[in-house]
There are 2 protein chains.
Amino acid sequence: MVKIKEIPQSTEEKILEAAKKVFVIHGMEGTSMQQIADEAKINKSLLHYYFRSKEKLFAYVLKYAFKFVIPQFKVILESDEDVYTKIEKLVNRYMDLLMQNKFIPAFILHEINRNPDGIVEVMRGAGVDPQMFIDQFNKEIQKGAIRPIDPNHLIVNILSLCIFPVVARPLAQRLFFNNNEQAYHQFLEERKKTVPDFIIHSIKA
Amino acid sequence: MVKIKEIPQSTEEKILEAAKKVFVIHGMEGTSMQQIADEAKINKSLLHYYFRSKEKLFAYVLKYAFKFVIPQFKVILESDEDVYTKIEKLVNRYMDLLMQNKFIPAFILHEINRNPDGIVEVMRGAGVDPQMFIDQFNKEIQKGAIRPIDPNHLIVNILSLCIFPVVARPLAQRLFFNNNEQAYHQFLEERKKTVPDFIIHSIKA
DNA sequence: GTCTATATCGGGATAGAC
DNA sequence: GTCTATCCCGATATAGAC
């Protein structure tokens with residue numbers, strides 16, 4: 001209904017942009033309607049005029065985040081390249097997305113724990129289907145291309161290696177890199193190579 | 001000052017137990033003093049009598065969580081076993097801790113993003129020193145026991161593989177295991193073997 | 001559609017009796 | 001130390017003028 005990226009922005013678009021920005025940093029309970037209104041440079045009442053409640057606005061923002069991301073992975077997974085290349089591309093694409101949207105992963109993770117059924121619903125609505133991944137890897141195992149690993153473990157491993165370093169960034173950056181922003185960025189960039197390496201070393205037959 | 005595990009509990013102990021429980025589930029902004037009071041079966045005023053403010057109470061709970069965990073890893077790291085055994089033991093111990101305290105990792109992760117400097121301060125206070133880990137792995141690389149991998153990447157990989165599956169549990173359990181509690185528990189138990197396997201396959205020279 | 005003003009509620013925190 | 005009552009503020013939400 002609304003294409004957030006358009007400019008010049010309508011009020012509704014401004015609200016959604018602002019809400020995304022603020023929610024994603026402070027979480028659901030952590031942000032006030034006032035903050036969103038300020039960020040969007042309008043007043044509180046308008047928020048309620050466009051979206052009836054905070055919950056509704058929040059749900060909308062959440063939904064948008066997924067609709068944007070999911071299709072990108074389907075493309076890679078449904079291509080006809082070999083597993084190694086796919087893993088490399090998936091990790092690269094995913095890391096890019098995570099880095100470009102710093103705050104989203106932490107936000108989603110918090111939401112996963114606060115209201116898991118809500119997230120699952122949104123994800124299902126966005127077309128997330130883990131079976132798709134599982135079938136992929138099983139095929140490769142049968143071909144003997146990779147050693148027999150439970151696909152569930154493999155998938156969770158890949159996700160872990162991509163997501164966690166971004167989510168834990170504020171801490172890791174301080175502990176390992178003297179809080180040097182650029183050094184950690186460099187570190188994450190390196191991971192686009194080291195993570196597929198790490199995984200491939202582990203699974204090749 | 002207060003040993004939380006003692007029984008019969010003093011009021012102060014009851015408060016700390018209750019606060020830990022509620023904070024850890026709902027986060028800092030997500031929980032009200034009323035909730036904590038209810039959980040501890042006392043009234044709000046007493047919370048302020050014992051701990052001057054919500055912030056103070058929260059800081060106290062946070063500190064406690066770390067003081068409890070850190071020493072356990074030092075013991076393993078400072079032993080004189082070989083790397084592979086150490087990794088296996090670290091992963092096992094860590095997974096156990098994470099599983100026994102389901103809500104803590106998500107809580108910490110949220111806090112890392114909400115107020116990173118606070119967490120870092122608490123961790124430093126509890127004696128967390130990443131250099132200890134780094135030195136360990138560098139020694140092994142020089143000995144030729146493992147292939148030359150940047151220790152930062154390796155450490156982050158190990159942490160990722162342990163923590164993420166627990167933090168993302170509410171989602172993963174639903175998506176991959178039909179929300180079957182026991183099946184996911186089984187999955188996490190398996191990871192005590194598959195994760196060290198995965199890592200060791202990746203790093204052995 | 002956009003604004004101001006206001007209603008209503010819940011939160012943290014304090015005062016003061018016991 | 002523990003309770004009740006209350007203060008004060010900020011938050012969501014609504015009413016109604018323009």
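In the text below, chain A, chain B and the rest are named by the order of the sequence lines, each starting its count at 1.
Checking D/dA11, C/dG11, C/dC3 against the side-chain heavy atoms of A/Ile42 singles out C/dC3 as nearest. With D/dT12, C/dT2, C/dG12 as the choices, the nucleotide that has an atom nearest any side-chain atom of A/Leu46 turns out to be C/dT2.
Note: CD (A/Gln34) to P (C/dT4) measures 11 Å, nearest angstrom. Spacing between atom CZ of A/Phe51 and atom P of D/dT14 amounts to 16 Å, rounded to whole angstrom units. Protein atom CG of A/Leu47 is 12 Å distant from nucleotide atom P of C/dT2, rounded to whole Å. Between A/Lys54 atom NZ and D/dG10 atom P there is a gap of 15 Å when expressed in whole angstrom units. Put simply, CG on B/Asn43 is 14 Å from C1' on C/dC18, counting in whole angstrom units. Distance CZ (B/Arg52) to P (C/dT14): 7 Å, rounded to an integer number of Å. Following rounding to the nearest Å, B/Lys14 (NZ) and D/dG1 (P) show an atom-to-atom distance of 13 Å. Note: OH (A/Tyr49) to C1' (C/dT4) measures 17 Å, nearest angstrom.
Looking at heavy-atom distances under 4.0 Å, B/Ser45 makes contact with a base. Here A/Tyr50 lies in heavy-atom contact (under 4.0 Å) with sugar-phosphate atoms only.
Each of A/Leu159, A/Val167, A/Leu161, A/Asn157 was checked for a side chain to side chain contact (heavy atoms under 4.5 Å, CB included) with B/Phe164, and the lone residue meeting it is A/Leu159.
Considering only side-chain N and O atoms, A/Thr11 lies under 4.0 angstrom from the phosphate OP1 or OP2 of C/dT2. An OP1 or OP2 oxygen of C/dT14 is reached within less than 4.0 angstrom by no side-chain nitrogen or oxygen of B/His48.
At least one side-chain heavy atom of B/Ile119 sits less than 4.5 Å from a side-chain heavy atom of B/Ile108.
In this structure, the side chain of A/Lys54 engages the main chain of A/Met28 through a donor-acceptor pair within 3.5 Å.
In summary, the aromatic rings of A/Phe23 and A/Phe107 are positioned with their centroids too far apart to meet the 6.0 Å limit.
For B/Lys21, the NZ atom counts as loosely surrounded, since its 6.0 Å shell holds 12 or fewer non-hydrogen atoms of other residues, nucleotides or ligands.
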